[in-house]
Amino acid sequence: MSQIDAAGAQRAAVPTAAPDTAPLVPDTHGLTVWAEIDLTALEANVRTLRALAPASDFMAVVKADAYGHGLLPVARAALRGGATWLGTAQFAEAFALRDAGLTARLLTWLSVPGSDFAGAVSRDIDLSASAPWVLDEIAAAAAEVGRTARVHLKVDTGLGRGGAYGADWGTLVARARHLEAEGTVEVVGIWTHFAHADSPEHPTVLAQQERFFEAVAEAEQAGIRPEVRHLANSAATLVHPSAHADLVRPGIAMYGLTPVPQVDDDFGLRPVMTLRARLALVKELPAGQGISYGHAYVPDVDTVVGLVPAGYADGIPRNATNVGPLLVEGRRTTIAGRVCMDQLVVDLGPGSRAQAGDVVTLFGGAPGEPTAQEWADATDTISYEIVTRLGARVPRLFIGDVPGTSSPDGPDGARRA
Ligand SMILES: *Cc1c(COP(=O)(O)O)cnc(C)c1O
């Protein structure tokens, strides 16, 4: 698990004598590639987003190892910033949060027949149901554990992915009412997800919202009394106040990246992840000497190249070949030649004074640094994928973690000096 790997790397990297008061800036000496995770920025982003939806509860979406940022430190920082709920896709992610001692309301939503519903119910985790078989498995688990399971019914309002679509919604609601009467299940939420929230003017946004409130009314008529109705991801939290409802579920915005890059506004969000590496080698190469596999880059003058010890095993997209932006020696440049499994090369130019050990920034948020969005634009994807795909072997170094909020016995105990 990346959590444990990261903790191990952190133990090696952080001097134990550092004071535990000021925000910790980790010592990166000797590390090849690492991600600095600014938890102070994350906390501030949660506050910024909360202020946009002040009347709604706030579910911090921490699926996929908190979009690659590190599940437990991010979840704790989000709660410090005012998040009232946590959300994960996979059960194992939710179990990890509970087993680390986090007690906030917690929803997990992706299950298959045979998923460990009993494990979820016994850990007081809310579950999502998109079909009657899910409700039946949840009810059986609840009976086994001897508790009432809390369920959020998911309606497909037009995403065409999870949720009950069309007339299936009525069937799902009826099944839930039956199980509520039996006492195994309590419906505490009704929810859905947008298809086009990132295109603020798209007509489906309002259509989905209307269908959602219709579905809520239908469930309420059948006797369901949901505590929370929720549909807003980051984009809707930022640009569709009418979708805030009882609870918002931001993911990407919490990490300081915008879901609407075409909108010229950073919404006051600060990027949380900065990916850096140290040059492993600097050397001169003559004009005409092709660089890296396939010689996809050939310098036309004698030049100096630097070897960056980060590759697609670390999550650097291979199609960043010749286009991925970097900051080195205070200057912007691009990757020279193919991205390999563990390494890539940068053309530092004939006059370079760079040395092995110099720090290279791949992306971050400080002035002059390339952003995850620029990487996404260069490689034809979205910023979500750039941060989430970061490899498990890249240590996450946490800045601004707060002493006393981590379990001293857990792997996170090592994240603070
Ligand atoms: C991932 C996810 C979110 C968060 O989406 P962002 O666009 O990152 O804000 C919210 N709800 C559900 C169901 C999700 O799967």
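For the single chain, residues carry numbers from 1 onward in sequence order. Both backbone and side-chain heavy atoms feed into the values below; hydrogens, waters and symmetry mates do not. Order of listing sets the numbers, starting from 1, for every ligand and every atom in it.
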Considering the options Met273, Arg276, Arg396, which one meets the side chain to side chain contact (heavy atoms under 4.5 Å, CB included) requirement together with Glu36? Arg276
Starting from [atom], what is the nearest protein heavy atom, named by residue and atom, and what distance separates them?
{"atom": "atom 11 (N) of ligand 1", "answer": "Arg249 NE, 2.9 Å"}
{"atom": "atom 12 (C) of ligand 1", "answer": "His193 CE1, 3.3 Å"}
{"atom": "atom 13 (C) of ligand 1", "answer": "Trp191 CZ3, 3.4 Å"}
{"atom": "atom 8 (O) of ligand 1", "answer": "Tyr67 OH, 2.5 Å"}
{"atom": "atom 14 (C) of ligand 1", "answer": "Lys63 NZ, 2.9 Å"}
{"atom": "atom 9 (O) of ligand 1", "answer": "Ser234 OG, 2.5 Å"}
{"atom": "atom 7 (O) of ligand 1", "answer": "Tyr384 OH, 2.6 Å"}

Contact atoms of ligand 1, heavy-atom distance to Ile252 under 4.0 Å: 6 (P), 8 (O), 9 (O)
Numbered atoms and elements of ligand 1 in range of Pro250, under 4.0 angstrom, heavy atoms: 9 (O)
Would Gly251 count as being in polar contact with ligand 1, using the rule that some N or O on each side must be under 3.5 angstrom apart? yes
Does Arg123 make a cation-pi contact with Phe95 (under 6.0 Å, within 45 degrees of the axis)? yes
Mind checking whether Phe117 and Phe91 have ring centres under 6.0 Å apart? yes
What do you reckon, are the aromatic ring centroids of Trp85 and His152 less than 6.0 Å apart? yes
Under 4.0 Å between a side-chain nitrogen and a carboxylate oxygen: does that hold for Asp156 and Arg161? no
For the student: nearest non-hydrogen atoms of Ala149 and Ile138, plus distance: CB-CG2, 3.3 Å
Just so I know, are the side chains of Gln262 and Pro200 near enough to count as touching, which here means a heavy-atom distance under 4.5 Å? yes
